[in-house]
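Quick notes on the structure that follows.
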Amino acid sequence: MFKSSIEWLKGATWWEASTIILVLNIIILVMCVLIGNRMVRWFMKRPVAEIVTKRPYEFVLASISVLLNSAVTMIGYYLWKKDIIVLSTSFGWHSWLDILILLLIMDFAMYVFHRVAHVKWLYPYIHRTHHRFEDPRPITLFALNPLENLGFGLLWIIVLCIYPASWVGITGYLFFNIVYGLIAHLGVEPFPNSWVKHPVMKWISTSTYHTQHHQQEHYNFGFYTIIWDRLFGTISPRYPSHFARKLPQGRD
């Protein structure tokens with residue numbers, strides 16, 4: 001059934017494919033907001049940012065992001081139909097390993113892109129928009145400058161053109177990408193204090209970690225892990241000492 005679905009998708013019309021992709025991206029946005037807001041209520045006693053509710057500009061940016069994410073996906077769809085992007089339908093162990101490989105590749109690639117986006121002359125045109133929201137909430141995940149949104153999307157397309165991943169790999173990666181993007185922008189900390197002391201988990205990104213980046217923009221550039229920030233000396237001096245706590249005034 002899986003292979004037959006893939007075959008149908010490859011033979012679908014552009015109208016069919018674009019409709020499915022747009023609807024899927026709308027569902028992702030709605031689910032992230034609904035689940036994210038529920039998690040904020042669950043962990044309200046562990047805020048790492050001010051809890052805000054009225055920022056209409058975020059909804060405008062989020063709507064644009066849905067359209068751009070759909071457009072980037074259509075580019076990937078076109079390249080896949082032209083066999084420029086090659087995706088395996090295997091379910092072997094190496095296909096599942098693709099999830100980890102893609103996470104590590106994209107974690108480093110996005111760290112580099114993120115650092116470049118903070119270059120002084122580029123920052124106003126690419127990344128300042130996202131930093132308007134010092135106190136993130138679930139929808140902030142989608143509140144990106146269109147150029148930044150396209151940049152991240154095209155980075156993903158380039159990786160797929162170079163690395164012949166599997167459907168299992170890209171599906172698993174995209175799932176974790178959404179989950180960790182949502183966690184990063186909750187504004188509350190769902191992980192226990194022991195997380196930052198665990199020999200393995202302490203290398204994984206948290207809501208505290210990314211919120212500190214929103215409030216101290218010269219630190220914490222990583223996405224899924226904090227490996228690159230530790231390696232390149234860009235980890236916030238207040239992480240993990242202020243884990244699951246709001247930063248005091250004078251955040252920088």
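Predicted model only: the values in this text are computed from it and were never measured.
- When each of Leu24, Asn25, Val23 is paired with Ile21, the side-chain contact (heavy atoms from CB on, under 4.5 Å) condition holds for Asn25 and for no other.
- A donor atom on one side chain and an acceptor atom on the other are not found under 3.5 Å apart for His213 and His130.
- Counting only distance, with no hydrogens or angles, the side chain of Gln216 and the backbone of His218 share no donor-acceptor pair below 3.5 Å.
- Ring-plane geometry between Phe223 and Phe152 is classed as perpendicular, the angle between the planes exceeding 60 degrees on a 0 to 90 degree scale with a lower cut at 30.
- Checked by atom type, the side-chain pair Ser65/Asn149 shows a donor-acceptor distance below 3.5 Å.
- Salt-bridge annotation for Glu58 and Arg132: absent, with no side-chain N of the basic residue lying under 4.0 Å from a carboxylate O of the acidic one.
- Between the side chains of Asn193 and Arg46, at least one donor-acceptor pair of N or O atoms lies under 3.5 Å.
- Ring orientation note: the planes of Trp14 and Tyr77 are nearly perpendicular, at an angle over 60° on the 30°/60° scale.
- Met106 is not listed as a side-chain neighbour of Asn177, based on a closest heavy-atom distance of 4.5 Å or more.
- Side-chain atoms of Cys32 and Phe142, non-hydrogen and from C-beta on, do get closer than 4.5 Å to each other.
- The aromatic rings of Tyr57 and Phe133 sit tilted relative to each other, their planes meeting at an angle between 30° and 60°.
- A perpendicular orientation is assigned to the rings of His118 and His127, their planes being inclined by more than 60° (bins at 30° and 60°).
- The aromatic rings of Phe91 and Trp96 sit tilted relative to each other, their planes meeting at an angle between 30° and 60°.
- The one candidate from Tyr111, Tyr173, Trp203, Phe176 that meets the side-chain contact (heavy atoms from CB on, under 4.5 Å) condition with Tyr224 is Tyr173.
- How far CG of Leu68 is from CG of Leu144: 9.5 Å, rounded to the nearest 0.5 Å.
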Dump the intermediate steps for salt bridge (Lys or Arg N to Asp or Glu O under 4.0 Å) on Arg115 and Asp229, then the final yes or no.
CA-CA 10 Å; Arg115 289 290 301 275; Asp229 281 301; over 6 Å; no
